[in-house]
Protein chains: 2
Amino acid sequence: MTESASVIDVARRAGVSLGTVSNVLNRPERVAPATRERVRQAIEELEFVRNEAARQLRTGRSRTIGLIVLDVGNPFFTDLAAGVENAAEEAGLSVILCNSGNSATREDHYLSLLQEQRAYGILITPVTGKNDRIQELRARGMQVVLVDRGSAKRQCSVSVDDVVGGELAVAHLIAQGHERIAFVGGPVSINQVADRLVGARRAARSAGLPKTAIRLIRTPGLNVAAGRKTGEQIAGMPPRTRPTAVFCANDLLALGVLQEMTRRNLDVPGDLAIVGYDDIDFAAAAAVPLTSVRQPRAQLGHTAAELLIDEVSSPETHQHRQVVFEPELVVRESSDAKLST
Amino acid sequence: MTESASVIDVARRAGVSLGTVSNVLNRPERVAPATRERVRQAIEELEFVRNEAARQLRTGRSRTIGLIVLDVGNPFFTDLAAGVENAAEEAGLSVILCNSGNSATREDHYLSLLQEQRAYGILITPVTGKNDRIQELRARGMQVVLVDRGSAKRQCSVSVDDVVGGELAVAHLIAQGHERIAFVGGPVSINQVADRLVGARRAARSAGLPKTAIRLIRTPGLNVAAGRKTGEQIAGMPPRTRPTAVFCANDLLALGVLQEMTRRNLDVPGDLAIVGYDDIDFAAAAAVPLTSVRQPRAQLGHTAAELLIDEVSSPETHQHRQVVFEPELVVRESSDAKLST
DNA sequence: ATCCGCGTGTGAAACCTTTCACTGATGGGC
DNA sequence: GCCCATCAGTGAAAGGTTTCACACGCGGAT
């Protein structure tokens with residue numbers, strides 16, 4: 001940027017002190033209308049643009065929320081981000097979207113970055129369960145809200161009950177008559193994956209199925225490619241032991257599995273019923289419309305941002321809250337033969 | 001944030017001047033190893049974290065690239081963003097992802113924001129063709145690279161030849177024997193849409209089809225919902241005049257159309273052949289795998305970021321470049337009956 | 001003996017904003 | 001006629017970093 005006008009230049013031009021210019025910018029009601037207008041004029045003429053860095057330096061805090069998600073390639077997270085952005089915009093804040101890509105290293109990198117930037121606050125879907133780094137940041141005065149992940153009472157969090165979600169999914173499959181069900185997901189170090197698995201097993205137990213009813217198929221990641229690989233694997237199993245249904249830890253996996261089944265001319269749900277998780281928009285548009293566990297994506301983001309803003313703007317009155325949303329099962333053809341025509 | 005240590009505190013603790021601390025941070029080779037180590041120690045002990053705002057204030061420029069895209073909900077743009085992020089990370093920069101959502105107002109809002117933040121530079125997929133605001137920013141010394149949009153010689157841009165893309169798509173449909181083809185997209189004020197349409201018409205002309213061969217069906221946006229509406233509309237046409245094939249301006253539209261066809265038990269490609277654009281990952285996973293025009297998404301972003309970084313870091317030697325990539329047609333079942341089993 | 005250059009290290013100045021204690025003026029209440 | 005409260009506006013100080021001209025000491029060349 002070439003030399004641009006500062007408040008001082010504006011003040012000089014308007015014939016007032018720089019304090020007055022600042023007041024026009026930040027608390028216009030304290031300035032007499034005539035003066036205010038004169039200052040506005042000067043700002044216009046000089047094409048003055050406030051320097052956010054200087055402002056931050058002085059106020060000690062930036063006006064940008066950091067949002068760290070596990071995978072921007074997953075529409076679930078972009079929808080969530082849209083919710084965050086809405087809430088932020090209402091409060092005159094902006095959002096910087098960071099993609100940890102499930103890597104603790106990158107997560108750490110972004111946390112450092114946000115710390116250096118003295119971010120307004122941080123919304124994060126943490127890669128691992130216990131993240132000491134986050135506690136350390138909080139100890140140093142940075143507000144952090146966990147997203148899509150519950151937490152202890154000492155901090156704010158917004159999540160969806162993944163155990164219930166897993167239960168819903170598998171209870172539905174069992175109701176459809178399935179007894180050999182596979183859970184597809186991983187790494188299990190991801191909380192969401194672990195919780196959904198717990199729910200799945202609980203549903204099996206409730207239905208009186210043996211422990212072996214839920215078979216765990218681990219994947220290295222939660223994307224379409226991993227799903228396709230799993231699809232191959234399942235297709236290669238002997239039909240007598242092959243699961244008749246799979247519950248995938250997210251929709252990307254489910255779409256991958258589905259794609260592989262379609263490629264091999266296996267029937268869904270006939271040969272294999274599939275249930276996904278997240279109910280992203282593409283789930284309904286899949287080869288066989290996908291049964292999925294819906295989460296209030298945008299609302300999740302919106303609420304998280306609101307909690308963060310409250311925590312930052314009213315530190316005295318703020319009460320930590322752990323908001324937990326309920327998931328909802330959306331049944332489509334991929335798990336219900338009667339629905340397909 | 002609570003009081004945190006500054007360079008001065010570090011300097012005091014290490015028994016050096018603050019200039020030396022700054023040197024350790026920015027040009028460590030100029031400091032004697034022993035001193036350097038002592039300073040590093042002090043930084044560690046005090047848990048010193050550089051204040052990015054102060055740094056920016058002094059250097060006059062932030063280390064964050066602004067990326068403004070038309071629609072974060074479209075995987076095309078998140079893939080593009082991933083490419084940008086890679087290139088940025090290599091250069092030690094970060095990226096703030098802004099979503100204009102096709103609204104000129106929001107675009108303007110974000111441009112102001114980035115200007116206030118004295119962004120490192122801006123990568124933008126502009127909403128409208130001529131954007132004076134961008135020229136104004138450039139005149140004031142802000143570097144801007146156009147993404148997914150060609151430009152005049154006076155500035156850098158990275159794009160894919162959308163006319164060729166449109167031509168490829170429609171030439172393919174014509175080769176499949178279609179003579180009543182609809183182009184689905186809008187608003188046509190979006191350059192990409194207009195160019196793809198031009199390409200479509202050119203292909204028709206080359207094949208000797210009458211002008212009326214390509215029928216334009218306008219949509220209010222480029223998303224799945226708009227596609228579904230269009231699908232209804234097409235399904236409602238009398239079979240004798242109904243187009244036998246559609247070329248959609250992007251994959252989201254195509255998926256929407258496809259979804260509606262499937263819902264109505266119309267056969268794709270039998271009753272309607274469909275070609276999309278972008279070849280997002282979900283295209284291959286659709287009800288009927290989608291023929292689409294592939295663009296090098298990540299590479300587009302990566303190259304754009306590189307151009308920007310070159311422009312900012314070597315203003316003297318920098319030569320403006322207009323990089324144009326070639327699109328590629330990926331044929332799948334949605335447009336080719338022989339492929340479906 | 002002198003001078004030069006080099007490697008290290010120094011600290012004031014500059015970057016631009018916000019805040020806050022303060023000044024003057026005005027008008028109302030007593 | 002005096003005091004007080006209120007309003008409008010002032011300008012110095014602070015915030016943390018980078019930069020740059022400069023100082024210092026030492027070895028080697030002249």
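Reminder, nothing fancy here: chain letters follow the sequence lines and each chain counts from 1. This structure is a prediction, so every number in the text was calculated from the model and none was measured.
Shown for residues 44-57 of chain A: residues whose heavy atoms fall under 4.0 angstrom of DNA chain D, namely A/A54, A/L57.
Summarising the geometry, the separation between CD on B/Q117 and P on C/dC15 is reported as 21 Å, rounded to the nearest angstrom. Whole-Å rounding puts the B/L25 CG to D/dT17 C1' distance at 9 Å. C/dT17 atom P lies 10 Å from atom CD of B/E116, rounded to whole Å. A straight line from CZ of A/R27 to P of C/dT18 spans 9 Å, rounded to a whole angstrom. Protein atom CZ of B/R38 is 14 Å distant from nucleotide atom P of C/dT8, rounded to whole Å. Here C/dA14 presents its C1' atom at 11 Å from CD1 of A/I8, a figure rounded to the nearest Å. Here the P atom of nucleotide C/dC20 and the CG atom of A/N23 are 12 Å apart, to the nearest Å. Taking atom CG of residue A/L18 and atom C1' of nucleotide D/dA13, one finds them 11 Å apart after rounding to whole Å.
Here the side chains of A/F77 and A/T125 are in contact, with some heavy-atom distance below 4.5 Å. The closest side-chain heavy-atom distance from A/N23 to A/R36 is not below 4.5 Å. With a 4.5 Å cut-off on side-chain heavy atoms, A/L114 and A/Y120 do not count as touching.
Nearest nucleotide to the side chain of B/V7, out of C/dG9, C/dT17, D/dT17: D/dT17. Here the side chain of B/S17 is nearest to one of D/dA12, C/dT10, D/dG16, namely C/dT10. Of all nucleotides listed (D/dT10, C/dT10, D/dG9), D/dT10 comes nearest to the side chain of A/V16. Comparing D/dT17, D/dA12, D/dG9 by their closest approach to the side chain of A/T20 singles out D/dG9.
As judged by a 4.0 angstrom heavy-atom cut-off over every strand, A/R36 is placed among residues making no nucleic acid contact. Backbone-only contact: B/S6 has heavy atoms under 4.0 Å from sugar-phosphate atoms and none from a base.
Contact check on A/E45 versus A/R13 returns a salt bridge, with a Lys/Arg side-chain nitrogen under 4.0 Å from an Asp/Glu carboxylate oxygen. Under a 4.0 Å N-O distance rule, the pair B/E85/A/R106 qualifies as a salt bridge.
Heavy atoms of other residues, nucleotides or ligands lying less than 6.0 angstrom from CZ of A/R133 number more than 12. In A/E29, the CD atom is crowded: over 12 heavy atoms of neighbouring residues, nucleotides or ligands sit closer than 6.0 Å.
The side chain of A/T59 contributes no N or O atom lying less than 4.0 Å from OP1 or OP2 of C/dT18. Residue B/T35 places at least one side-chain N or O under 4.0 Å from the OP1 or OP2 atom of C/dG9. The side chain of B/R58 contributes no N or O atom lying less than 4.0 Å from OP1 or OP2 of C/dA13. For B/R61, no side-chain nitrogen or oxygen approaches OP1 or OP2 of C/dC15 to under 4.0 Å.
Remark: the backbone N or O of B/D108 is paired with a side-chain donor or acceptor of B/S112 at under 3.5 angstrom.
Counting distance only, with no hydrogens placed and no angle test, the side-chain atoms of A/R30 and the base atoms of D/dA8 include no donor-acceptor pair under 3.5 Å.
Toward the 5′ end of DNA chain C lies the nearest nucleotide of B/V31, the other residue of the pair B/V31 and A/V21 mapping further downstream. Both A/E29 and A/G19 lie close to DNA chain D; mapped to their nearest nucleotides by heavy-atom distance, the more 5′-ward contact belongs to A/E29.
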